[in-house]
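Quick notes on the structure that follows.
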Amino acid sequence: GNSVTQMEGPVTLSEEAFLTINCTYTATGYPSLFWYVQYPGEGLQLLLKATKADDKGSNKGFEATYRKETTSFHLEKGSVQVSDSAVYFCALSASDSGYALNFGKGTSLLVTP
Amino acid sequence: DTEVTQTPKHLVMGMTNKKSLKCEQHMGHRAMYWYKQKAKKPPELMFVYSYEKLSINESVPSRFSPECPNSSLLNLHLHALQPEDSALYLCASSRTSGGAGSYNEQFFGPGTRLTVL
């Protein structure tokens, strides 16, 4: 079956540090890949997406590249801010699971001043 | 309008109560979803509606009863819940529930935080 594996958190960084959150996936076929962010007490917001190999999704300074050869979709940001503190979920959707979102376990990020 | 709204924001109910959660979107999306999220866990899919018809039920207990009266509205009726059902209930919508790319990009509401006493 399809699955997503994220690096374990929590991740604690100082403001302006470089962020990487690793995400790898297992899927048959050609899934779409997503990063969602959840701020405390809120629902999920789509941060970025990629629908085919070598696509790069980007938004608000965050980037992730769909790497089919390594089945990865790592999230990066060059300089994090305190306001980036949240839980980040990597997810995939694929035809063989009815395009329902399959989430990773989530990575909690805390950015300190 | 790119928003999914959910009411109520918070709900406390006893195990014998009957209550309903409501979700609304006006983006013209034809797929709508209910997820359950426990603390520090990812959302778990409960139900998928496609063109107002139930297309996926992830073996959810019958004390949860979904309803899709029209393409903009999704309800979740609750009856005889257990304390372990306490969670954040998230609604989402997408253009369709099939097809790759932007068609199945899901937009989430803020959720209803449910406490069962």
Side-chain angles (χ1 to χ4, degrees), chain A residues 1-10 21 23 25 27-53 55 57 59 66 68 86-110, chain B residues 2-7 9-10 21 23-25 27 29-50 53-60 87-113:
Chain A
N2 300 330
S3 67
V4 175
T5 302
Q6 282 182 246
M7 60 186 289
E8 294 285 330
I21 300 178
C23 171
Y25 68 90
T28 52
Y30 303 95
S32 295
L33 301 173
F34 305 88
W35 276 101
Y36 280 87
V37 58
Q38 187 172 33
Y39 298 100
E42 297 185 12
L44 274 71
Q45 298 177 26
L46 179 66
L47 183 59
L48 51 85
K49 65 179 182 186
T51 57
K52 61 183 187 299
D55 266 3
N59 186 25
Y66 189 142
K68 191 165 172 60
V87 179
Y88 293 81
F89 292 98
C90 185
L92 70 81
S93 69
S95 58
D96 59 348
S97 57
Y99 294 99
L101 282 172
N102 195 323
F103 288 95
K105 291 186 176 180
T107 303
S108 176
L109 170 66
L110 177 63
Chain B
T2 59
E3 200 178 9
V4 176
T5 59
Q6 289 187 244
T7 54
K9 197 175 171 80
H10 299 277
L21 309 185
C23 172
E24 202 161 2
Q25 57 86 17
M27 294 179 277
H29 289 174
R30 303 311 299 269
M32 295 186 78
Y33 310 77
W34 280 116
Y35 289 85
K36 173 183 177 180
Q37 186 180 25
K38 301 285 270 185
K40 300 187 189 298
K41 298 287 187 185
E44 298 173 10
L45 182 67
M46 299 175 72
F47 303 103
V48 180
Y49 272 84
S50 179
K53 287 184 168 44
L54 183 65
S55 61
I56 295 177
N57 176 343
E58 291 287 342
S59 304
V60 179
L88 181 68
Y89 288 83
L90 294 164
C91 173
S93 70
S94 62
R95 286 173 68 180
T96 67
S97 63
S102 64
Y103 287 92
N104 65 334
E105 177 182 320
Q106 293 184 28
F107 294 79
F108 282 80
T112 293
R113 189 158 300 280

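Computation of the quantities below employed the complete heavy-atom set of this structure, encompassing side-chain atoms and omitting hydrogens, waters and symmetry-equivalent molecules. Everything numeric in this text was worked out from a predicted model, so none of it was measured. Chain letters run A, B, ... following the sequence lines, proteins first, then strands; residues in each count from 1.
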Say you draw a straight line from CD of B:Glu44 to CZ of A:Phe103; how long is it, rounded to the nearest 0.5 Å? 11.0 Å
A:Ser32 side, atom OG; B:Glu105 side, atom CD - distance, nearest 0.5 Å: 9.5 Å
How far apart are the closest heavy atoms of A:Lys105 and B:Pro42, and which atoms are they? O-CD, 3.9 Å
Heavy-atom closest contact (B:Leu88 atom, A:Gln38 atom, distance): CD2-NE2, 3.8 Å
Residues at least two apart in sequence or cross-chain that pass salt bridge (Lys or Arg N to Asp or Glu O under 4.0 Å) with A:Lys52, listed by chain then number, are A:Asp55
So B:Leu45 and A:Leu101, do their side chains get closer than 4.5 Å, heavy atoms only? no
Counting only heavy atoms not in A:Lys68 (residues, nucleotides, ligands), do more than 12 fall under 6.0 Å from its NZ? yes
Set of residues satisfying ring-ring contact (aromatic ring centres under 6.0 Å, His included) with respect to B:Phe108, sequence neighbours excluded: A:Tyr36, B:Tyr35
Checking heavy atoms, do the side chain of B:Gln37, its backbone, both or neither come under 4.5 Å from chain A? side chain
